[in-house]
Amino acid sequence: MSAQPLAQPLAEAAASLASSAHPLAQQLGHPLAASAASLVQSVDWLAVAPPLIAAVVALGVLVADLFLPESRKNVLGWISVAGLAAAALMLLPLLDGDRATFCLTGNGTGTGAGPGSLTGAPRACSYTADHFTLVIQLLVLGGALLAALLSITTLDDDRRRVPSGEFWFLLLSATAGAALLPAARDLATLIVALEVASLPAFALVGIRHGDRRSAEAALKFFLSSVTATAVSLMGVSFVYASTGTLYLTQVAQRLPDTPGQLHTLAQTGVVLTLIGFAFKTAAVPFHFWVPDTYVGAPLPVAAYLSVVGKAVGFSGLILVTVVAFPSYADVWGPALAVLAALTMTVGNVGALRQQATRARSAVRLLAWSSVGQAGYLLVPIAAAGYAKDAQKAIGSTVAYALMYAAVNLGAFAVAAVVGRGRAGNRISDYRGLYATNPVTALLMAFFLLCLAGLPPGIIGLFAKVTVFSAAVGAGLGWLAVVMAVNVVIALFYYLRWTALLFRAPEGETVRHRIPAPLTAAIALAGVAGVALSGAPQLVLRFASTGLF
């Protein structure tokens, strides 16, 4: 009874307030509507097609897994391969010019100079499909395609411990994030893409049921990646607090004019962001997770991480250094030069120490070798901090990454062949491979010589000379000397493995039967390596023309 008198005045007051606000709402209606309309962004679906196709196919595979009987689960693998191939083919229509979408109002969308452009007025966009994006997406999607071909055979051999539907969903999801990252042009999208690429990878590493080594590898990978993410987010938050923007081009414009009281905050943000991405690239001293993770993960997942995982880390590092933090080149240039020297040295010495008779020594050597190769990839990025032409220096990194992706995936594919007959996958298991599988042995020798930088692996030699010249051209003579010493160290263990392929086999020879998907993966990697060795100059031209 007492609530009724109180409710009536409240209702009358609310009605009065609504009626008095109505004319004001009418008066402001048109400007508000116009403002709301101006905030609506059109989406360039063609530009976002490569990562979008991978994401859609991932969801389709996950749903299809619910309805397919166990005997037909292998269809999911071929659907995934077809989806990755379709995503890669969607790069072709994007070659006619730079495209950008999710741009700030008034900055425009469509084709034209991208937000990272070094010529003309940059645009503030969240997604840009420029030449740099397309090259890295080609590397990511091509690497994921070869890893998927390796995975089809692995899942057939280990179906009881590896669930097919979950595996393909995780692989495609990680690939979608990896393809999104090089197109990201704001720090928020960059971090989100980095995590979309990383989180499924944790599960892929530990996906084998009942395998303690796989679970331990996944835990180490998870802890290191979470630490890197936390450091990166802290750095990004500091940069945002200092500049008031997340767009890379706007960060680059505002960092030099940071107020004095925010200068220390901005410097700390830049350093923390770089440390976070150094974790992702497996640069020393943030490399400790690599050997155990590669050995514990299924072999196709290790191959995927060695190529696509590195592409994610290095493309993100390039974007934050060259595009977002060019005014701090005097900070990140020397820091990356020191990291490059440490990384290549520790990686090559670690590979040199591997014993041929140790279980899984072949995969462990490839893991340490990938750390050493990461050091070479860091050299041109460091040189970009000193060089007048940053695009040319970055082009050397991209060209080297393309070479490394093709031949390293080929080496992992041959390791998968040998691992089918010899579960230990020791380096000594490769002795006499030429006597049983001559074509496979010749291709493995070619892949190893490419990684070493020796003929007939011309593309490996060309890529190392390109990186070496980038260091010399930037005035980093000491780094070029360190790189030359490390190339000599790497020659020893690569040539030792190569020679083992052609030695007389010990004991009973084992002929390795190669399934069709594995044959296709080795053939594609071999064709790519031979084609690149035949015209190595095209790689550098393709990789360094109009990157940003």
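Heavy-atom basis, side chains included; hydrogens, waters and symmetry copies ignored. Computed from a prediction, not measured in an experiment: that's the story for all the values here.
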Rounded to the nearest 0.5 Å, what separates atom [atom1] in [X] from atom [atom2] in [Y]?
| X | Y | atom1 | atom2 | value |
| --- | --- | --- | --- | --- |
| Phe412 | Tyr294 | CZ | OH | 6.5 Å |
| Leu449 | Met444 | CG | CE | 10.5 Å |
| Gln354 | Leu366 | CD | CG | 10.0 Å |
| Leu171 | Thr175 | CG | OG1 | 4.5 Å |
| Leu134 | Leu94 | CG | CG | 5.5 Å |
| Leu52 | Trp45 | CG | CH2 | 6.5 Å |

Which atom pair, heavy atoms only, marks the closest approach of [X] to [Y]?
| X | Y | value |
| --- | --- | --- |
| Ala148 | Leu84 | CB-CD1, 3.9 Å |
| Gly316 | Phe277 | CA-CE2, 3.7 Å |
| Ala525 | Ala406 | CB-O, 3.5 Å |
| Leu181 | Val312 | CD2-O, 3.4 Å |
| Phe446 | Ser533 | CZ-OG, 3.7 Å |
| Ala184 | Leu248 | O-CD1, 4.0 Å |

- Task: Go through Ile79 and Trp168 one step at a time and tell me if the side chain to side chain contact (heavy atoms under 4.5 Å, CB included) criterion holds.
- Result: CA-CA 9 Å; Ile79 293 175; Trp168 292 116; over 6 Å; no
Kindly say whether [Y] contributes a backbone atom to a donor-acceptor pair with the side chain of [X] at under 3.5 angstrom?
| X | Y | result |
| --- | --- | --- |
| Thr154 | Leu150 | yes |
| Lys280 | Phe314 | no |
| Thr128 | Thr101 | no |
| Arg431 | Ala504 | yes |
| Ser198 | Leu194 | yes |
| Thr397 | Leu377 | yes |
| Arg208 | Gly296 | yes |
| Lys464 | Leu451 | yes |

- Message: With side chain to side chain contact (heavy atoms under 4.5 Å, CB included) as the criterion, how do Tyr304 and Ser151 come out once you've worked through the C-alpha distance, each side chain's angles and the decisive distance to 0.1 Å?
- Response: CA-CA 10 Å; Tyr304 175 88; Ser151 301; over 6 Å; no
Would you check if [X] and [Y] make a side-chain contact, meaning some heavy-atom pair closer than 4.5 Å?
| X | Y | result |
| --- | --- | --- |
| Thr281 | Thr343 | no |
| Thr321 | Leu317 | yes |
| Val196 | Leu180 | no |
| Val379 | Tyr400 | no |
| Asp65 | Phe169 | no |
| Leu76 | Phe167 | no |
| Pro51 | Gln137 | yes |
| Leu246 | Val236 | yes |

- Message: Restricting to salt bridge (Lys or Arg N to Asp or Glu O under 4.0 Å), what partner residues turn up for Arg360, sequence neighbours left out?
- Response: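 Arg360: no salt bridge (Lys or Arg N to Asp or Glu O under 4.0 Å) contacts found.
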- Message: I'd like to know whether OH of Tyr434 has more than 12 heavy-atom contacts from other residues, nucleotides or ligands below 6.0 angstrom.
- Response: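 Atom OH in Tyr434 is not crowded, with 12 or fewer foreign heavy atoms closer than 6.0 Å.
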- When Thr229 is tested against each of Val226, Thr227, Val231, Leu233 for side chain to side chain contact (heavy atoms under 4.5 Å, CB included), which residue passes?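 When side chain to side chain contact (heavy atoms under 4.5 Å, CB included) is applied between Thr229 and each of Val226, Thr227, Val231, Leu233, only Leu233 qualifies.
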- Query: Do you see a donor-acceptor pair shorter than 3.5 Å between the side chains of Tyr127 and Thr133?
  - Reply: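 No donor-acceptor contact under 3.5 Å links the two side chains.
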- Task: Using the salt bridge (charged side-chain N to carboxylate O under 4.0 Å, His left out) rule, collect all pairs that involve residues 287-305, keeping only residues at least two apart or in two chains.
- Result: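 Of all non-adjacent pairs touching residues 287-305, those that pass salt bridge (charged side-chain N to carboxylate O under 4.0 Å, His left out) are Lys220-Asp292, Asp292-Arg364.
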- Query: Which residues satisfy the side-chain hydrogen bond (donor to acceptor under 3.5 Å, both in side chains) test with Ser306, sequence neighbours excluded?
  - Reply: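 So Ser306 forms a side-chain hydrogen bond (donor to acceptor under 3.5 Å, both in side chains) with Asn408.
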- List the steps, then state whether side chain to side chain contact (heavy atoms under 4.5 Å, CB included) holds for Leu319 with Phe132. CA-CA 10 Å; Leu319 289 174; Phe132 172 78; 3.9 Å; yes
- Message: Could you go through Val301 and Ile207, starting from their C-alpha distance and side-chain angles, then the distance that decides it, and tell me whether this counts as side chain to side chain contact (heavy atoms under 4.5 Å, CB included)?
- Response: CA-CA 10 Å; Val301 177; Ile207 199 169; 5.7 Å; no
- Picking from Tyr493, Trp368, Tyr494, what satisfies side chain to side chain donor-acceptor pair (under 3.5 Å) with Asn348?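 Only match with Asn348 under side chain to side chain donor-acceptor pair (under 3.5 Å): Tyr493.
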